[in-house]
Amino acid sequence: MDAEGNTLDKILVKGGKRLKGSVKVEGAKNAVLPVIAASLLAEEGTSKIYDVPSLADVFTMKNVLTHMNADVSYEDGVFTADSRGSLRTEAPFEYVRKMRASFLVMGPLLARKGRAHIALPGGCAIGSRPIDQHLKGFEAMGAQVEIGNGYIEARVKERLQGARIYLDFPSVGATENIMMAATLAEGTTVLENVAEEPEIVDLANYLNAMGAKVRGAGTGTIRIEGVEKMHGAVHSIIPDRIEAGSFMVAAAMTGGDVFVEGALHEHLRPLVAKMREMGVVIEEQDNGMKVIGPDILRPVDIKTMPHPGFPTDMQAQFMALLTQAKGTSIITETVFENRFMHVEEFRRMNADVKIEGRTAIVTGPVRLQGTEVSASDLRAGAALIIAGLVAEGETTVTELRHLDRGYVDFHKKLQSLGARVERISVPDTEQNEQSSADVAVLRTANN
Ligand SMILES: CC(=O)N[C@H]1[C@@H](OP(=O)(O)OP(=O)(O)OC[C@H]2O[C@@H](n3ccc(=O)[nH]c3=O)[C@H](O)[C@@H]2O)O[C@H](CO)[C@@H](O)[C@@H]1O
Ligand SMILES: C=C(OP(=O)(O)O)C(=O)O
């Protein structure tokens with residue numbers, strides 16, 4: 001892997017094994033990233049965050065905080081952050097480009113330092129992903145926001161002011177960023193039409209442990225009474241519902257019998273409901289769910305929606321499952337404008353999927369065929385590996401830098417369930433040679 005997280009590694013999957021056994025999920029990527037950003041709000045004490053997964057995104061967030069002069073460390077799943085020193089207020093493009101969640105430092109910096117200079121996040125493989133709702137919130141709280149030369153400069157004269165803010169769409173990132181900014185604002189902020197994802201609740205719990213006064217997280221309205229100061233706190237991250245869901249789909253897909261430890265029913269209701277409609281047996285147990293795949297899967301329609309609707313981050317993996325259902329299923333993607341990049345790759349594996357605007361029509365069951373496929377984004381990577389579990393022959397999945405952002409040892413966990421999956425690691429020296437060769441080819445082509 002190079003400094004950018006790029007890797008020439010590949011995952012090879014030989015299909016045909018039923019998954020069996022037990023697998024444990026990590027702390028949630030989408031909870032830990034805002035929590036680490038929030039640690040910048042502490043003027044006193046240190047924070048100790050447990051159950052932090054060893055993901056590329058966590059290392060990127062760690063680098064962002066180090067760049068800001070926070071004293072951070074990460075070892076054995078525990079992230080420690082000391083933000084008492086004088087903080088820098090800039091986040092350059094090199095971080096934001098790698099991971100959009102770097103933009104979540106804007107709220108804490110504005111609240112604590114009255115200034116933030118952050119690179120504009122670009123679009124990505126799943127859509128254009130604007131940040132207008134974040135900025136609308138900061139402006140309503142009295143910040144002056146200017147955009148120029150690819151950066152956002154936000155300043156507030158003295159202190160942010162509590163405000164009533166209605167989001168046009170329940171954006172997860174905007175809810176988190178504005179909620180963090182409001183913790184140190186003067187007066188009360190009422191945030192309406194906010195995201196209700198479990199990760200929002202986790203962030204609010206951490207903020208409250210730091211001395212904030214946040215009420216209503218997990219509902220459509222959040223009230224934040226501003227406080228003068230916040231301090232470090234101890235917090236454990238919730239289990240990753242998307243990683244859990246990915247293993248649940250893999251189990252169902254292979255007709256397997258798998259206990260997914262850390263799969264919480266209250267976080268996974270839409271997925272569980274849809275899998276049960278398909279005929280999958282799901283038993284709730286203490287601290288996890290057991291998933292038993294049936295011989296015949298029934299087709300279902302899904303529509304991705306903000307929580308508690310069906311999560312867009314499970315759409316690609318669920319599409320893999322639907323290729324094995326008997327009949328026609330319809331997937332409507334309402335959250336992101338361009339989240340069907342995996343479809344072409346599924347088709348290369350012989351899947352029968354047609355796209356009509358924001359809808360994908362999946363007809364099954366088909367015998368998937370192994371071939372070389374490339375992951376366009378994080379969940380596409382997981383979905384293609386899962387598809388490989390039932391494909392005839394060998395599937396090779398490339399562009400693993402996306403997968404590494406969100407899954408810890410995905411191939412090893414699948415191996416432990418009996419799957420024939422291996423990761424071919426390309427040594428760093430060869431990666432460098434390969435990149436130099438690519439540059440040489442490019443230069444020749446350009447000359
Ligand atoms: C790190 C993290 O937690 N990532 C998750 C988070 O991303 P993220 O926080 O970026 O997602 P949002 O909920 O903000 O985005 C949802 C939709 O709202 C739009 N939008 C968002 C903000 C804004 O200011 N204006 C605007 O139009 C986006 O373009 C998108 O179409 O929630 C998504 C939706 O559940 C998940 O897929 C991501 O895995
Ligand atoms: C889209 C995702 O993440 P991010 O917002 O970090 O790109 C995801 O986790 O599927």
Side-chain angles (χ1 to χ4, degrees), residues 5 26-38 53 55-58 60-61 64 95-107 120-140 145 147 152 165-180 191 193-203 237-238 240-246 267 270 304-318 333-339 341-342 358 375-383 401-407 410:
E26 313 281 324
K29 157 185 156 296
N30 288 351
V32 77
L33 299 175
V35 162
I36 294 178
L55 296 171
D57 276 10
V58 167
T60 304
M61 200 50 126
V64 173
Y95 300 120
V96 183
R97 151 178 92 130
K98 254 196 225 168
M99 183 189 73
R100 294 177 49 83
S102 317
F103 192 68
L104 293 173
V105 297
M106 187 151 212
L120 261 176
C124 72
I126 60 178
S128 78
R129 305 185 77 175
I131 37 134
D132 56 304
Q133 299 302 304
H134 303 233
L135 302 183
K136 165 177 154 173
F138 298 144
E139 284 177 325
V145 178
I147 301 180
I152 299 175
I165 301 158
Y166 177 88
L167 296 184
D168 299 347
F169 179 88
S171 152
V172 172
T175 303
E176 292 167 344
N177 229 342
I178 301 169
M179 186 162 93
M180 291 189 279
L191 266 174
N193 196 29
V194 292
E196 300 176 22
E197 269 69 359
E199 293 76 19
I200 304 282
V201 179
D202 202 39
L203 175 62
I237 298 295
I238 54 169
D240 195 314
R241 65 194 163 103
I242 306 301
E243 189 201 4
S246 304
H267 293 175
T304 65
M305 302 274 273
H307 193 77
F310 191 94
T312 174
D313 292 350
M314 278 304 301
Q315 183 252 107
Q317 304 89 309
F318 208 76
E333 172 61 57
T334 77
V335 178
F336 287 107
E337 57 183 18
N338 185 27
R339 207 171 192 179
M341 298 278 279
H342 42 278
R358 289 194 155 202
S376 51
D377 73 88
L378 160 56
R379 306 303 168 187
R401 69 180 188 284
H402 299 296
L403 186 81
D404 293 339
R405 286 189 46 220
Y407 291 87
F410 196 51

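Order of listing sets the numbers, starting from 1, for every ligand and every atom in it. No experiment lies behind these values; they were computed from the predicted model shown.
- To the nearest 0.5 Å, atoms OG1 (Thr334) and CZ (Arg358) are separated by 7.0 Å.
- Scanning all heavy atoms of the two residues, the minimum distance from Asp313 to Ile242 falls at O-CG2, 3.5 Å.
- Residue contact check: Arg339 has heavy atoms under 4.0 Å from atoms 1 (C), 8 (C), 10 (O) of ligand 2.
- Between Arg100 and Asp57, none of the side-chain N atoms (NZ, or NE/NH1/NH2) sits under 4.0 Å from a carboxylate O, so this pair counts as no salt bridge.
- Residue Ile131 has at least one heavy-atom neighbour below 4.0 Å for each of these atoms of ligand 1: 23 (C), 24 (O).
- Among all protein heavy atoms, the one lying closest to atom 24 (O) of ligand 1 is Gln133 N, 2.7 Å.
- Under a 4.0 Å criterion applied to the non-hydrogen atoms of Arg405, ligand 2 contributes the atoms 3 (O), 4 (P), 6 (O), 7 (O).
- Residue contacts with ligand 2 for Thr312 are absent, since no atom lies close enough (heavy atoms, distance under 4.0 Å).
- A donor-acceptor pair is defined here as one N or O able to donate and one able to accept, closer than 3.5 Å; such a pair exists between the side chain of Thr175 and the backbone of Ala195.
- In terms of protein heavy atoms, atom 8 (P) of ligand 1 is closest to Arg129 NH2, 3.7 Å.
- Side-chain atoms of Gln317 do not come within 3.5 Å of backbone N or O of Ala382 as any donor-acceptor pair.
- Between Glu199 and Pro34, the closest side-chain pair of non-hydrogen atoms is not below 4.5 Å.
- Of the possible polar contacts, one joining the Ser102 side chain to the Tyr95 backbone as a donor-acceptor pair under 3.5 Å is found.
- Near Arg129, the atoms of ligand 2 lying under 4.0 angstrom from a non-hydrogen atom of the residue are 4 (P), 5 (O), 7 (O).
- Using a 4.0 Å cut-off to heavy atoms of Ile126, the atoms of ligand 2 that qualify are 1 (C).
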message = Between Leu135 and Ile147, is the side-chain contact (heavy atoms from CB on, under 4.5 Å) condition met? List the steps.
response = CA-CA 10 Å; Leu135 302 183; Ile147 301 180; 4.0 Å; yes
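- With Leu135, Asn30, Thr312 as candidates, the residue nearest to atom 5 (C) of ligand 1 on a non-hydrogen basis is Asn30.
- Under the 4.0 angstrom criterion, atom 19 (C) of ligand 1 counts as lacking any protein heavy-atom contact.
- The closest side-chain heavy-atom distance from Met179 to Ile200 is below 4.5 Å.
- Note that CG of Leu378 is 8.5 Å distant from OG of Ser246, once rounded to the nearest 0.5 Å.
- Residue-ligand proximity, His134 to ligand 1, at heavy-atom distances under 4.0 Å covers atoms 24 (O).
- If you check which protein heavy atom lies closest to atom 37 (O) of ligand 1, you get Asp313 OD1, 2.5 Å.
- The nearest protein atom to atom 25 (N) of ligand 1, hydrogens excluded, is given as Asp132 OD1, 2.7 Å; this is a heavy-atom distance.
- At least one side-chain heavy atom of Leu203 sits under 4.5 Å from a side-chain heavy atom of Met180.
- For Arg379, the closest heavy-atom approach to ligand 2 falls below 4.0 Å.
- Ligand 1 lies within reach of Arg339, whose nearest heavy atom is under 4.0 Å from it.
- Scanning Phe169, Phe103, Phe336 for the heavy atom closest to atom 33 (C) of ligand 1 points to Phe336.
- Atom 14 (O) of ligand 1 has as its closest protein heavy atom Ser171 OG, 2.6 Å.
- Nearest protein heavy-atom neighbour of atom 30 (C) of ligand 1: Val335 O, 3.4 Å.
- Annotation: atom 27 (O) of ligand 1 to nearest protein heavy atom, Pro130 CG, 3.3 Å.
- Here the protein heavy atom with the shortest distance to atom 13 (O) of ligand 1 is Val172 N, 2.8 Å.
- Ligand-side atoms of ligand 1 in range of Gly173: 9 (O), 14 (O), range being under 4.0 angstrom from any heavy atom.
- Judged purely by atom type and a 3.5 angstrom limit, Asp240 uses its side chain to pair as donor or acceptor with the backbone of Lys29.
- For atom 3 (O) of ligand 2, the closest non-hydrogen atom of the protein is Lys29 NZ, 3.0 Å.
- The closest donor-acceptor contact from the side chain of Asp202 to the backbone of Ile237 lies at 3.5 Å or more, if one exists at all.
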